[in-house]
Engineer: 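Sharing a structure with you now.
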Amino acid sequence: IQTRCLLAELEWREGRHDEALEWLVDDGDRLQPLLAAGNALAIHNFNMQALVLGAMGRVDEAEPLFEEVLAAATAALGPGHPKSMNVGVNLGNLRANAGRYGEAAALFEELAEAGTRQLGPRAPEVALARNGRGICLLRLGRNDEGEALLLALWQEAVEEWGGDDPRTAFSRLNLAT
């Protein structure tokens, strides 16, 4: 299963979405019971499948799959677990890319709160959720809130890694957006 997921991820990153989906869908029926049990490889497989569907523009298929995977991961691992956070951030990004910034911002906020409780405020998964929320707030015209959140993320990155670290540059780039 892990090898198939890695092969699918390579295909996806190269823009070969149909090929990536073939690697993942073949295991779908066998993995469904494992997803319900919160199996990490099943979570990864279905998360990748939803990512690929989203990249193909098949949002109507990707969104319910992300929601199913997020529910399974949350039930098995907790809402702030890194795997749950990863799926949730991907779902938020899908909604944001579809122009549904309000829904995405609300999800990112829920994720950031859950991640802070389970992982701590400086966890990378929490930063991704906060970053997604900040960008959505800007898109919604809530510039003061969005800028304040992105500025806080940049300042935290500078404190944590210094001004020249690539992770700090990522925060600065988002703030400039």
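Only a predicted model underlies this, so the values are computations on that prediction, with no experimental measurement involved. Side chains are part of it too, since the values below use all heavy atoms of this structure and drop only hydrogens, waters and symmetry mates.
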Engineer: Starting at CH2 of W154, measure out to CD of E147 and round the result to the nearest 0.5 Å.
Structural biologist: 13.5 Å
Engineer: Which heavy-atom pair separates A104 from G92 by the least distance, and what is that distance?
Structural biologist: CB-O, 3.4 Å
Engineer: Just how far is it from atom CG of L41 to atom OG1 of T3, taken to the nearest 0.5 Å?
Structural biologist: 9.5 Å
Engineer: Distance-only criterion, 3.5 Å: show the donor-acceptor pairs between side-chain atoms of residues 65-74 and protein atoms not counting sequence neighbours.
Structural biologist:
from : atom 1 : to  : atom 2 : distance (Å)
E67  : OE2    : R95 : NH2    : 2.7
E68  : OE2    : Q32 : NE2    : 2.5
T74  : OG1    : L70 : O      : 2.8

Engineer: Check L149 against R130 and note the closest heavy-atom contact, atom names and distance.
Structural biologist: CD2-O, 3.2 Å
Engineer: Is it true that M48 and F46 fall in one hydrophobic cluster, defined by side-chain heavy atoms closer than 4.5 Å?
Structural biologist: yes
Engineer: Taking all heavy atoms of A8 and all of A20, pick out the closest pair and write down the distance.
Structural biologist: O-CB, 3.3 Å
Engineer: Are the side chain of N97 and the backbone N or O of N93 linked by a donor-acceptor pair below 3.5 Å?
Structural biologist: yes
Engineer: Calculate, to the nearest 0.5 Å, the distance between atoms SG and CD1 belonging to C5 and I43 respectively.
Structural biologist: 11.5 Å
Engineer: For the atom pair CD (Q118) and OG (S84), what is the distance rounded to the nearest 0.5 Å?
Structural biologist: 7.0 Å
Engineer: Do L153 and E156 pass the side chain to side chain contact (heavy atoms under 4.5 Å, CB included) test, and can you show the C-alpha distance, the side-chain angles, and the key distance before you say yes or no?
Structural biologist: CA-CA 5 Å; L153 282 166; E156 290 168 15; 4.3 Å; yes
Engineer: Assess whether a salt bridge exists between R122 and E159, defined as any Lys/Arg side-chain N lying under 4.0 Å from an Asp/Glu carboxylate O.
Structural biologist: yes
Engineer: Pick out which of R16, E14, E9 makes a side chain to side chain contact (heavy atoms under 4.5 Å, CB included) with W12.
Structural biologist: E9
Engineer: Check L94 against G54 and note the closest heavy-atom contact, atom names and distance.
Structural biologist: CD1-CA, 3.8 Å
Engineer: Would you give the length of the straight line joining atom CG of L21 to atom CD of E61, rounded to the nearest 0.5 angstrom?
Structural biologist: 8.5 Å
Engineer: Linking I/L/V/M/F/W/Y whenever their side-chain heavy atoms sit closer than 4.5 Å, directly or via other members, would L77 and V89 fall into one cluster?
Structural biologist: yes
Engineer: I'd like to know whether D165 forms a side chain to side chain contact (heavy atoms under 4.5 Å, CB included) with E160, so could you lay out the CA-CA distance, the side-chain angles of the two residues, the decisive distance to 0.1 Å, and finally the verdict.
Structural biologist: CA-CA 10 Å; D165 189 276; E160 187 86 17; over 6 Å; no
Engineer: To the nearest 0.5 angstrom, please state how far the CG atom of L150 sits from the CG atom of L137.
Structural biologist: 8.5 Å
Engineer: Under a 4.5 Å cut-off applied to non-hydrogen side-chain atoms, are E125 and L111 in contact?
Structural biologist: no
Engineer: Between A105 and L140, which heavy-atom pair has the shortest distance, and what is it?
Structural biologist: CB-CD1, 4.4 Å
Engineer: Dump the intermediate steps for side chain to side chain contact (heavy atoms under 4.5 Å, CB included) on H44 and Q2, then the final yes or no.
Structural biologist: CA-CA 9 Å; H44 183 69; Q2 187 172 13; over 6 Å; no
Engineer: Does R58 pair with E63 as a salt bridge, N-O distance under 4.0 Å?
Structural biologist: no
Engineer: So do the side chains of E11 and E22 get within less than 4.5 Å of each other, counting heavy atoms only?
Structural biologist: no
Engineer: Which heavy atom of L119 sits nearest to which heavy atom of P82, and what is that distance?
Structural biologist: CD2-CD, 3.8 Å
Engineer: In terms of hydrophobic clustering (I, L, V, M, F, W, Y; side-chain heavy atoms under 4.5 Å; direct or indirect links), are L151 and V158 co-clustered?
Structural biologist: yes
Engineer: Would you say V52 and L35 are hydrophobically clustered, going by side-chain heavy atoms of ILVMFWY under 4.5 Å?
Structural biologist: yes
